Amino acid sequence: MTVESTAARKPRRSAGKAGTTGSKRTARTTPGKESQPDLVQLLTPEGLRIENTAYDPYVEDITPEQLRGLYRDMVLTRRFDAEATALQRQGELGLWASLLGQEAAQIGSGRALDDEDYVFPTYREHGVAWCRGVDPTNLLGMFRGVNNGGWDPNSNNFHLYTIVIGSQTLHATGYAMGVAKDGADSAVIAYFGDGASSQGDVAESFTFAAVYNAPVVFFCQNNQWAISEPTEKQTRVPLYQRAQGFGFPGVRVDGNDVLACLAVTKWALQRARNGEGPTLVEAFTYRMGAHTTSDDPTRYRHDDERAAWEAKDPIARLRAYLEASHHAEEGFFAELEAESEALGRRVREAVRAMPDPDHFAIFENVYADGHALVDEERAQFAAYQASFATESDSGVAAAEGGR
């Protein structure tokens, strides 16, 4: 199956009118309109449910089992992320980009997707990968340096991680334009951070998506820091308001509220599938850890800032709601803890069992017909590798001769 062929699975529905789901919605609170509140929130940090006539219809049928599923997703994603961070500190991975604190934004939006939808991630969307059925161990091969990506994008409609900042938004927009031309009843979602929003690629993708009415959702996880640069050094207005200048809706959602992220993303994806064009979703969240394991956040932000966001922890928030609503018993949490530890062990064992790649594979497929410079570099590298064997053999021979 090719990337192009996944776009045309169903006939595309005709364009519909926004805000037709649920009878409680009113024109004054229609999603995406200027009258909406600055921050869409369905669960407070204390775990209290808030009524929202605009977005409640998108989660009104959610069952206690599904709520427990969202909680399980976040807990296991956080456990996997913590294990990957530990493995990097132990020298098993070359680098790791943690999602700590952003679980609700990723799980909520990831569970809003249909199977036919296509995802273009950055390099931190471990929770979205989990929702798309990508084995967590497959995410680690690139960070260990044993492959260029550990999964087939078309198997899960989840593209390979993109390291170049912001370029995946162009890929997503182009793919979405193809989806529209093929008449497929599916949507595309592109993930990026607040730092990437300053890239020209993102502005170009907004322009093309708006002009061609592409069925794409731009999901920006505003975790407050682009490495060491705060959001106020990147924009003079809230990020979601940028969409107005391109001619499509923008919404800011509480990125630590998994229910709100689920509802808002469902709405945005439905707009796309109905032929109503792109949407910008700004998930207002916080990066609890370092940008990557090569970063030291203590050099540019204060502990009290993190402490304030810890009080808004997405997992603690949903647990409080589950317990207050009697949707989960202590046995559920105990079983999940055991499952979490088992996942950690599986990840450790899988990483350490990964075979080393062929040292000369880097020279393959650079040019279709070969190249003299590549041949020269391959020969130099072969001589370099052979020097280690020569020195080792010489050492063994010298040791044996001295006996």
Side-chain angles (χ1 to χ4, degrees), residues 38-39 78 81 84-85 88-89 93-106 109 120-128 142-143 161-173 189-207 217-246 250-257 261 280-314:
D38 286 341
L39 187 74
R78 179 173 289 188
D81 180 69
T85 299
Q88 193 284 327
R89 298 306 190 198
L93 302 178
L95 186 73
W96 184 248
S98 174
L99 60 59
L100 183 62
Q102 299 177 219
E103 294 87 358
Q106 295 193 16
S109 61
F120 288 83
T122 61
Y123 46 79
R124 200 188 301 273
E125 271 66 65
H126 320 314
V128 185
M142 178 180 66
F143 294 97
Y161 275 2
T162 302
I163 306 300
V164 178
I165 305 300
S167 64
Q168 73 279 2
T169 60
L170 282 174
H171 306 157
T173 299
I189 188 167
Y191 288 88
F192 60 101
D194 49 294
S197 70
S198 298
Q199 293 289 108
D201 285 359
V202 175
E204 290 179 24
S205 65
F206 285 3
T207 297
V217 175
F218 298 106
F219 196 93
C220 175
Q221 292 173 84
N222 179 2
N223 62 20
Q224 311 303 314
W225 291 94
I227 307 183
S228 59
E229 289 298 306
T231 306
E232 60 263 25
K233 293 291 184 69
Q234 308 230 19
T235 180
R236 295 296 297 274
V237 299
L239 291 175
Y240 76 95
Q241 292 184 4
R242 288 185 177 182
Q244 298 177 19
F246 292 89
V251 179
R252 173 181 276 187
V253 60
D254 185 341
N256 287 17
D257 177 353
C261 289
L280 171 61
V281 176
E282 177 194 358
F284 200 73
T285 182
Y286 190 74
R287 191 193 77 215
M288 299 294 289
H291 171 70
T292 68
T293 46
S294 64
D295 172 43
D296 179 8
T298 63
R299 299 182 63 181
Y300 55 81
R301 67 186 191 189
H302 299 291
D303 290 341
D304 56 352
E305 178 181 298
R306 171 171 172 145
W309 279 92
E310 284 179 341
K312 306 173 186 178
D313 183 271

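This one's a predicted model, so the numbers in the text were calculated from it and none came from an experiment.
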Worksheet entry | From CA spacing to verdict: side chain to side chain contact (heavy atoms under 4.5 Å, CB included), Y123, Q168 | CA-CA 10 Å; Y123 46 79; Q168 73 279 2; over 6 Å; no
Item to complete: For the pair E125 and F219, evaluate side chain to side chain contact (heavy atoms under 4.5 Å, CB included) and give the outcome as yes or no after the intermediate values.
Response: CA-CA 11 Å; E125 271 66 65; F219 196 93; over 6 Å; no
Worksheet item: Run the side chain to side chain contact (heavy atoms under 4.5 Å, CB included) check on T162 and F192 step by step: do they pass?
Response: CA-CA 10 Å; T162 302; F192 60 101; over 6 Å; no
Fill in: Test log, rule side chain to side chain contact (heavy atoms under 4.5 Å, CB included), inputs R306 and D303
CA-CA 5 Å; R306 171 171 172 145; D303 290 341; 5.8 Å; no
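Remark: E310 CD to E305 CD distance equals 11.5 Å, nearest 0.5 Å. Going from atom CD of E229 over to atom NE2 of H291 covers 12.0 Å, rounded to the nearest 0.5 Å. Note that OG1 of T285 is 11.0 Å distant from CD of E282, once rounded to the nearest 0.5 Å. With rounding to the nearest 0.5 angstrom, the OG atom of S205 is 8.0 Å from the CZ atom of F246. Atom CZ of R78 is separated from atom CG of D81 by 8.5 Å, given to the nearest 0.5 angstrom. To the nearest 0.5 Å, atoms SG (C220) and CG (L239) are separated by 5.0 Å.
Side-chain N or O atoms of E103 include one that pairs as donor or acceptor with a backbone N or O of G101 at under 3.5 Å. Judged by distance alone, the side chain of Y161 and the main-chain N or O of H126 form a donor-acceptor pair under 3.5 Å. In terms of modelled atom types and a separation under 3.5 Å, the side chain of Q106 and the main chain of R124 share a donor-acceptor contact.
Residues M142 and I163 are in side-chain contact: their nearest non-hydrogen atoms beyond the backbone lie under 4.5 Å apart. In this structure the side chain of V128 never reaches within 4.5 angstrom of the side chain of P121, judged on heavy atoms. Between Q224 and R287 there is no side-chain heavy-atom pair separated by less than 4.5 Å. Between Y286 and K312, the closest side-chain pair of non-hydrogen atoms is not below 4.5 Å. Side-chain contact between N222 and F284 is present, with at least one heavy-atom pair separated by less than 4.5 Å. Side-chain atoms of T207 and E204, non-hydrogen and from C-beta on, never get closer than 4.5 Å to each other. No side-chain heavy atom of F218 sits under 4.5 Å from any side-chain heavy atom of V202. Within the 4.5 Å cutoff, side-chain heavy atoms of T231 are placed close to those of T235.
Residues N223 and Q102 have side chains that bring a donor and an acceptor to within less than 3.5 angstrom of each other. A donor-acceptor contact under 3.5 angstrom links the side chains of S198 and Q234, judged on distance only. In this structure, a donor-acceptor pair under 3.5 Å is absent between the side chains of T169 and D201. A donor-acceptor pair shorter than 3.5 Å can be found between the side chains of S109 and Y191.
With sequence neighbours excluded, the residues forming a side chain to side chain contact (heavy atoms under 4.5 Å, CB included) with A172 are F120, V188, A190, V216, listed by chain and number.
The minimum heavy-atom distance linking C261 with A104 is given by the pair CB-O, 3.8 Å.
Ring geometry for W225 against Y300 counts as tilted: the plane angle lies between 30° and 60°, on a 0 to 90° scale.
When each of D38, V281, V253, L39 is tested with Y240 by the rule side-chain contact (heavy atoms from CB on, under 4.5 Å), just one qualifies, namely D38.
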